[in-house]
Colleague: 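One structure is given below, represented as structure tokens, and several questions about it will come after.
Quick note on labels: first sequence line is chain A, next is B, and so on, each numbered from 1.
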Amino acid sequence: MNQNLKNIPIIEEGEGPLIQPIDLDGFREHNRKKSKALIDKTMSEKEAIDKFVKSGDYIGFELYGTVRCPMTLARELVRSGKRNFRIVGQGVHELDLLFAADMVREIDFTYIGLEVYGISANMRRAVESGSITKLVEWSNAALTWRFKAASMGIPFIPTRSMLGTDTLKKSAAKVVECPFTGQKVALLPALIVDVAFIHVNRADKHGNCQIDGISGFAFEMARACKTLIISAEKIVDTKEIREHPDKTIIPYYLVDAVVHAPYGSWPGEMSGMYERDEPHYKSFVEKQKKKDTMDAYMKEWVYDLPDHKALVDKVGKNKLEELTIKEA
Amino acid sequence: MNQNLKNIPIIEEGEGPLIQPIDLDGFREHNRKKSKALIDKTMSEKEAIDKFVKSGDYIGFELYGTVRCPMTLARELVRSGKRNFRIVGQGVHELDLLFAADMVREIDFTYIGLEVYGISANMRRAVESGSITKLVEWSNAALTWRFKAASMGIPFIPTRSMLGTDTLKKSAAKVVECPFTGQKVALLPALIVDVAFIHVNRADKHGNCQIDGISGFAFEMARACKTLIISAEKIVDTKEIREHPDKTIIPYYLVDAVVHAPYGSWPGEMSGMYERDEPHYKSFVEKQKKKDTMDAYMKEWVYDLPDHKALVDKVGKNKLEELTIKEA
Amino acid sequence: MEQKYSPSELLICLASRVMEDGTTAFIGTGIPMLAASLAQKMQAPNLVPIFEFGGTGAILEKLPLAVGDMRTYNKGIAASGICDIMETSQRGFVEFGFLGGAQIDCYGNLNSTVIGDHKNPKVRLPGSGGGNDVGSSCWRTIAIMIHDKRRFVEKIDFLTTPGFLTGPGAREEAGLPKDTGPYRVVTNLCIMGYDDESKKMKLLSVNPGVTVEQVIENTGFELLVADEVANNSHPTEEELRILREEIDPDGLYR
Amino acid sequence: MEQKYSPSELLICLASRVMEDGTTAFIGTGIPMLAASLAQKMQAPNLVPIFEFGGTGAILEKLPLAVGDMRTYNKGIAASGICDIMETSQRGFVEFGFLGGAQIDCYGNLNSTVIGDHKNPKVRLPGSGGGNDVGSSCWRTIAIMIHDKRRFVEKIDFLTTPGFLTGPGAREEAGLPKDTGPYRVVTNLCIMGYDDESKKMKLLSVNPGVTVEQVIENTGFELLVADEVANNSHPTEEELRILREEIDPDGLYR
């Protein structure tokens, strides 16, 4: 053993709490118990939410904005009445619904907004009213690297982001001097979510998933969660998966439930399949600005619809076909 | 700022030297200067080696064993007469040739061998004779995670591998107490190689690459090197790349040279394209056991052949067609 | 013969002209998307747009509406994920990065997190998103802002995204990558850069019809002024035609 | 009516029988590949073979010759890369791992690095490869060894891959994941496990025709012996038929 051992100085510590504690050995134990058999995991949104989500869970949605959103799972979650969730605040449209339903208590926050359409009024009402009790800041990459650390089975990952800023001060990162280079780096603690929701282009009944186009942080989040609920535009035969194993981004053993959800990202878009429903989204943007109109939106588009089929019927076949991308 | 700052104890330090120093800012500066324009980078093996490799460089080959090997680049490197390389000892067939030509001086070692055919006699002769001056031990994952750290632009990455072993003692890793969990982890220093060689199924002239089947550590090594030389079974039009951007594993701006090398992995295999030349490999296995027969092999299969075309002619069209996988 | 144009169109053209051919640029939602698209069709056909959720090297034929949408990798070079993109930037591959915010100070530090106290905010803003990462690891960042005293302030309420922090040497001292930092601020009034020595914001050129005094009046901190303040030219007919006919035919940004 | 069989065939059958259906197993080159293939065709049709360079869930119709070859993801569930696989194991998803080495001690620690001194080796061995990783992060590891005193030694020359290190609690103390470690040692003479309390190797069952004394004679350290030592059965006709006709028709491992 080297005799010149020294300590690594911790130069700064973010004030933010670790909303979700890190327990790598507990995560390993959980993963060990997950079934490795090729069983049928298809079920409805309601069955998946009933079975796998409980109030107070730390939950995460992928991807971003209105792109490849597991909206049918988000709506069912709202209808379930479960609440007091801790969440990753990573800018997904799903959160607008959760805020409107007052289901969120603690947030690891990076960006919550409507992109080109501005600030999320639902988020503002939730945060400014004090109904959010813990709010910890991160950069977008930092949050994703926290998933990456969990996905690697390690307790933290270094970064050169966030240094020198209030973003770091209000995070739970720690700044240390690198024992190899002497330079300062921020250490990001691993983030293991209780339940993750990911929408994909194709899955088989066991949960083997393929995604077209950008993969966002699906790879990382799928490997950084204890329970993974997949919704998929298409359910394909496992043979199709086995023909192109290099297209599998999420292998079945990570997955707990597979929900068949055609147009599942509506009103958002799905790579290569359909475009965003811009008129609907614009009307949402207007309605979300005030609580009463947002409540009416929630009633009309979430609470009054028993399931995704009812929503598809309400949106209408013509509208959905109009959004569908025609093969070139 | 938190007032309870403490130090992170370093519990153990590997005795091994850092064969390749970590300079993240120098790496950034180098990457900034690489051309981002879509220029034609196709050239011969000889041009690529002449232009981009110098004696003493730290070099790395991907993938493993006899799978997807940039053999035409390895043979040209031997013929170039450049030497005193520092290498990643990650079990690729290319190294047998480099050892036989006495071109290696320092090794970050994880596995060098012939898999089911046993120990590499070339490696044994090099190490046991003392011609290797520095030899540092790592696990296979540890070495790849060192690439991953470099590919992320960070100075180190933690792992739970290597703990408690002599592998760690003879590495350059450091064991610390995690400031989030209190558990011990090993920190692996980033590894930035000077020149990396990767063989792919398809590339365009700019260097955009696609790989079929397993990707080994191509993603990581392509992002953890200063210079990247690609050999490709097929050169395709950039239009084909742009039609499926989600298949690009190595984007062009990482790449310095693109070499068209059909059957470039021979005598190894290429996913979906051709099988290993088992009779040739078996004869190599026999010949490598003794120095004189190995020298004769090198003369016949490397030195006496001016380029890859000569090798293809020598192997013979019939043999190569026999190895080629027929479309189902 | 100059055409009429909107303030947004001017901002887009000014931002577009800053971009150099054969470089990489981190593109955020809104004006940077139009600016990058315009640059590709003008002086920078080899501009490589990079979007944080995975799109690299798209041909920006249709205007993306979001940083993750299909247009961000339309005929692209690669479509990967956020980690790959952010790590590519952390490794030093991304030259330009666009930023925005509710407040900016003289060192180019940006606030997009909160107005008022963090715990009891007056206005909760959307947060860092990729902003902090872009500001940390891109070589040169370009802020696009509406120019007024509430936005250009002595002290920002929250330092979301690093500019030069507290001044010369502060970025390196904090551990941020060497030689990185703010490069330009493009506003509806002017273009500013930073003084090499003091790292403080400095007026470089004013927009058509804008005076130096107007810029100073609308800036809440002491603004340095270049010895010779240039005049930014109007959007050209060609720029406006491309913007209106090709990039934004629906007039979302008119 | 027992058939004749080779020592390799016996080893393959014994190793195969250890594997459980519906579990994951890290497969290395050689005997583990045949054992996994045999297990898939016998008691463990849902065995999920995992290969370190990226193959997951292959149907092992043809015998792979290397841990990266096309057969390691033949009709597989996924073909990714080494990081994904090693991280999957580090996250606790891999139940079984196969190991080998030149030396093993009573705690199941393995040497595959060097015989003699590290700096001036008598024999330089191939090195850890994925061995150390498998030994660190799989839940249960199975060593496959030729049984003799030069290999089963009091003190190994180099601790490449962790077994129980220095005994009870040592793995956890070193930071290795909780509840992991050596499970079985399968040799040409017997199958051994480990004593729950002392974590020392313990003889569980002997191969056909082998006595407990023979095992002890060929072991260089004090071997614990189970109260009741079972007898391993011969390879069955079915096992041999599958091995010879389906898995290894060329007789590479006869």
Colleague: Using a strict threshold of under 4.0 Å (side-chain N to carboxylate O), is an ion pair present between D:Asp179 and A:Arg28?
Modeller: no

Colleague: Heavy-atom pairs under 4.5 Å with chain A: which of D:Ser80, D:Ala58, D:Ser137 has the most?
Modeller: D:Ser137

Colleague: So which of D:Leu47, D:Val94, D:Ile59 has the biggest tally of heavy-atom pairs under 4.5 Å with chain A?
Modeller: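 Highest number of pairs under 4.5 Å: D:Ile59.
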
Colleague: Determine, stepwise, if the pair A:Arg32 / D:Phe93 fulfils side chain to side chain contact (heavy atoms under 4.5 Å, CB included).
Modeller: CA-CA 5 Å; A:Arg32 183 185 199 181; D:Phe93 272 102; over 6 Å; no

Colleague: Only pairs of heavy atoms separated by less than 4.5 Å count here; which of D:Asn74, D:Asp84, D:Thr180, D:Thr24 has the most with chain A?
Modeller: D:Asp84

Colleague: Heavy-atom distance under 4.5 Å to chain D: side chain of A:Asn208, backbone, both or neither?
Modeller: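 Side chain of A:Asn208 only, per the 4.5 Å heavy-atom cut-off to chain D.
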
Colleague: Would you find more than 12 non-hydrogen atoms of other residues, nucleotides or ligands less than 6.0 Å from A:Lys174 atom NZ?
Modeller: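 Enclosed: over 12 neighbouring heavy atoms sit under 6.0 Å from NZ of A:Lys174.
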
Colleague: What do the steps show when you test D:Tyr73 against A:Thr248 for side chain to side chain contact (heavy atoms under 4.5 Å, CB included), and what is the final call?
Modeller: CA-CA 12 Å; D:Tyr73 50 93; A:Thr248 305; over 6 Å; no

Colleague: I need the A:Tyr252 OH to D:Thr56 OG1 distance, nearest 0.5 Å.
Modeller: 8.5 Å

Colleague: Determine the sole option in A:Leu24, A:Ile192, A:Asn31 for which the side chain to side chain contact (heavy atoms under 4.5 Å, CB included) test with D:Arg91 is passed.
Modeller: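 Answer after filtering A:Leu24, A:Ile192, A:Asn31: A:Asn31.
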
Colleague: Has D:Asp196 got more than 12 heavy atoms of other residues, nucleotides or ligands less than 6.0 Å from its CG?
Modeller: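 For D:Asp196, atom CG is not crowded (no more than 12 foreign heavy atoms under 6.0 Å).
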
Colleague: Under 4.0 Å between a side-chain nitrogen and a carboxylate oxygen: does that hold for A:Arg223 and D:Glu87?
Modeller: no

Colleague: Restricting to non-hydrogen atoms, name the atom on A:Pro245 and the atom on D:Gly76 that form the minimum distance, rounded to 0.1 Å.
Modeller: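 That would be CB-O, 3.4 Å.
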
Colleague: Show the nearest heavy-atom pair for residues D:Pro177 and A:Asp25, with the distance to one decimal.
Modeller: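 Here D:Pro177 and A:Asp25 meet closest at CA-OD1, 3.7 Å.
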
Colleague: For A:Leu38 and D:Ile77, work out which heavy atoms get closest and say how close.
Modeller: CD2-CD1, 4.2 Å

Colleague: Please look at A:Lys34 and chain D and tell me whether the side chain, the backbone, both or neither of the residue comes under 4.5 angstrom of a heavy atom of that chain.
Modeller: side chain

Colleague: Decide if atom NZ of D:Lys75 counts as having more than 12 heavy atoms of other residues, nucleotides or ligands within a radius under 6.0 Å.
Modeller: no

